[in-house]
Amino acid sequence: MGGYILTRLLSAIPVLLGITVIVFLIMAMIPGDPATAILGSYATPENVARLNRHLGLDEPLWRQYFIWLGNLLQGDFGRSFALNRPVLDEILDRFSATLILAGTAFVLCSALGILAGVVSAARQYGLADKAITFVVILGISVPSFFLGMMMILLFAVQLRWLPVSGMYSIWGGGDVPDLIRHLTMPALALSVVATGVIARLSRGAMLEVLRQDFIRTARAKGVHERRVIWGHALRAAMVSIIPVLGIQAGFVLSGAVYIEMVFQWPGVGRMLVDAILKRDILLVQGGVVFVAACYVGFNIVVDVAQSVLDPRIRT
């Protein structure tokens with residue numbers, strides 16, 4: 001197991017390096033000058049050139065990349081131009097909010113998706129299967145941001161059951177019930193599509209397992225159907241379901257960007273959009289690399305979990 005984990009960690013290095021190259025090049029190709037964005041459109045060319053020199057933006061592109069990468073490897077993400085504070089501090093402050101939102105949405109979509117997939121497979125072609133399939137296809141077809149806006153209109157504006165936006169009623173304060181009230185709509189909107197995908201793939205994995213010989217043997221021995229479904233079949237199907245959960249975790253994390261904008265949730269996604277508008281290069285680069293590293297790390301955890309259930313994967 002130790003060798004497998006080490007192999008997965010080493011394989012993540014070129015992936016992360018590739019991400020740093022792509023992020024750096026994309027930010028370099030975006031039109032506009034960061035110095036002008038900081039100083040304003042009335043800044044003199046001399047002041048703009050001086051600030052570019054101070055920020056190291058007058059260096060060749062390859063040199064800028066290696067300086068940035070070298071600092072990154074030492075844990076120095078640089079300093080935000082617009083916020084005038086360390087990039088890593090800003091990311092960590094915002095990431096806790098994103099983690100609450102994306103984590104809640106991921107737990108919701110995993111639990112509901114697997115439950116729907118198992119029930120649908122166990123009642124294949126029955127009324128429950130057809131009803132779940134209809135709801136799942138409907139959920140997959142509706143974009144999360146549109147669903148979020150419709151939820152705001154219904155539950156916040158019309159019924160006044162839930163708050164429109166934000167993380168707490170009073171910025172930076174509030175208690176757990178207040179957090180749950182603010183979290184309900186964005187977490188549901190973010191989880192709907194992923195729930196549908198997990199449900200569809202869980203149904204397929206369960207149907208495949210339910211046709212196998214060991215399931216027939218268990219039923220022939222008189223094992224209770226509930227134990228056959230939730231014990232034997234689901235455990236075997238999890239080998240196929242876990243990789244889907246890893247992919248959907250990335251979807252939920254990336255989807256949090258526009259859900260945070262819709263609900264004004266103070267997370268990394270909203271921070272990145274604000275940073276792009278302000279041409280805050282180091283904050284965008286650091287934020288994207290940080291989120292990508294989290295996604296890669298989560299996928300390693302998923303692979304390890306899958307290898308625990310099916311040791312053949314390690315060979």
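Computed over heavy atoms, backbone and side chain alike; hydrogens, waters and symmetry mates excluded. Keep in mind the model is a prediction, meaning the values are calculated, not measured.
- Atom CD of Gln124 sits in a crowded spot, with more than 12 heavy atoms from other residues, nucleotides or ligands closer than 6.0 Å.
- Taking CG of Leu234 as the start and CD1 of Ile241 as the end, the distance is 5.5 Å to the nearest 0.5 Å.
- Of the possible polar contacts, one joining the Ser144 side chain to the Ala189 backbone as a donor-acceptor pair under 3.5 Å is found.
- Of the possible donor and acceptor atoms, none in the side chain of Arg203 sits under 3.5 Å from a partner among the backbone N and O of Ala116.
- Between Ile259 and Trp265 there is no side-chain heavy-atom pair separated by less than 4.5 Å.
- Leu283 CG to Ile91 CD1: the interatomic distance, rounded to the nearest 0.5 Å, is 6.0 Å.
- Looking at Phe290 and Val268, their side chains never come closer than 4.5 Å, going by heavy atoms from C-beta outward.
- Atom CZ of Phe214 has more than 12 neighbouring heavy atoms from other residues, nucleotides or ligands inside a 6.0 Å radius.
- When the side chains of ILVMFWY residues are joined at heavy-atom separations under 4.5 Å, either directly or via intervening members, Leu183 and Leu159 end up in a single hydrophobic cluster.
- Heavy-atom contacts from other residues, nucleotides or ligands closer than 6.0 Å to CH2 of Trp161 number 12 or fewer.
- Below 30°, between 30° and 60°, or above 60°: for His182 and Tyr168 the angle between ring planes is between 30° and 60°, a tilted geometry.
- Looking at Ile281 and Gln64, their side chains never come closer than 4.5 Å, going by heavy atoms from C-beta outward.
- A donor-acceptor distance shorter than 3.5 angstrom exists from the side chain of Gln264 to the backbone of Met261, with no hydrogens or angles considered.
- In this structure, the side chains of Leu253 and Val291 come closer than 4.5 Å at one or more pairs of heavy atoms.
- The closest donor-acceptor contact from the side chain of Ser307 to the backbone of Val304 lies under 3.5 Å.
- Side-chain contact between Thr20 and Tyr65: present, with at least one pair of heavy atoms (C-beta onward) separated by less than 4.5 Å.
- The main-chain N or O of Gly267 is found under 3.5 Å from a side-chain atom of Arg94 such that the two form a donor-acceptor pair.
- Counting non-hydrogen atoms of other residues, nucleotides and ligands closer than 6.0 Å to CZ of Arg219 gives a total above 12.
- Distance alone, capped at 3.5 Å, places no donor-acceptor pair between the Arg181 side chain and the Leu162 backbone.
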### Task
Begin with the C-alpha distance, continue with both residues' side-chain angles, and end with the deciding distance and a verdict on side-chain contact (heavy atoms from CB on, under 4.5 Å) for Val164 and Met185.
CA-CA 9 Å; Val164 175; Met185 283 198 294; 6.0 Å; no
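- Taking hydrophobic clusters as Ile, Leu, Val, Met, Phe, Trp and Tyr residues chained together by side-chain heavy-atom distances below 4.5 Å, Val142 does not share a cluster with Phe134.
- When hydrophobic clusters are built by joining Ile, Leu, Val, Met, Phe, Trp and Tyr residues whose side-chain heavy atoms come closer than 4.5 Å, directly or via intermediates, Val23 is grouped together with Leu73.
- For the pair Arg200 and Ile140, the minimum side-chain heavy-atom distance is below 4.5 Å.
- Using a 4.5 Å heavy-atom cutoff, the side chains of Ile198 and Ile114 are in contact.
- Tracing side-chain contacts under 4.5 Å through hydrophobic residues (I, L, V, M, F, W, Y), one reaches Leu72 starting from Phe95; they form part of the same cluster.
- Counting non-hydrogen atoms of other residues, nucleotides and ligands closer than 6.0 Å to CG of Leu127 gives a total of 12 or fewer.
- Phe77 has its side chain out of reach of Asp89: every pair of non-hydrogen atoms, C-beta onward, lies at least 4.5 Å apart.
- Atoms OG1 and CG, from Thr104 and Leu101 in turn, are 7.0 Å apart once rounded to the nearest 0.5 Å.
- There is a path of hydrophobic side-chain contacts, each under 4.5 Å, that joins Val228 to Leu115.
- Judged by distance alone, the side chain of Arg216 and the main-chain N or O of Arg211 form a donor-acceptor pair under 3.5 Å.
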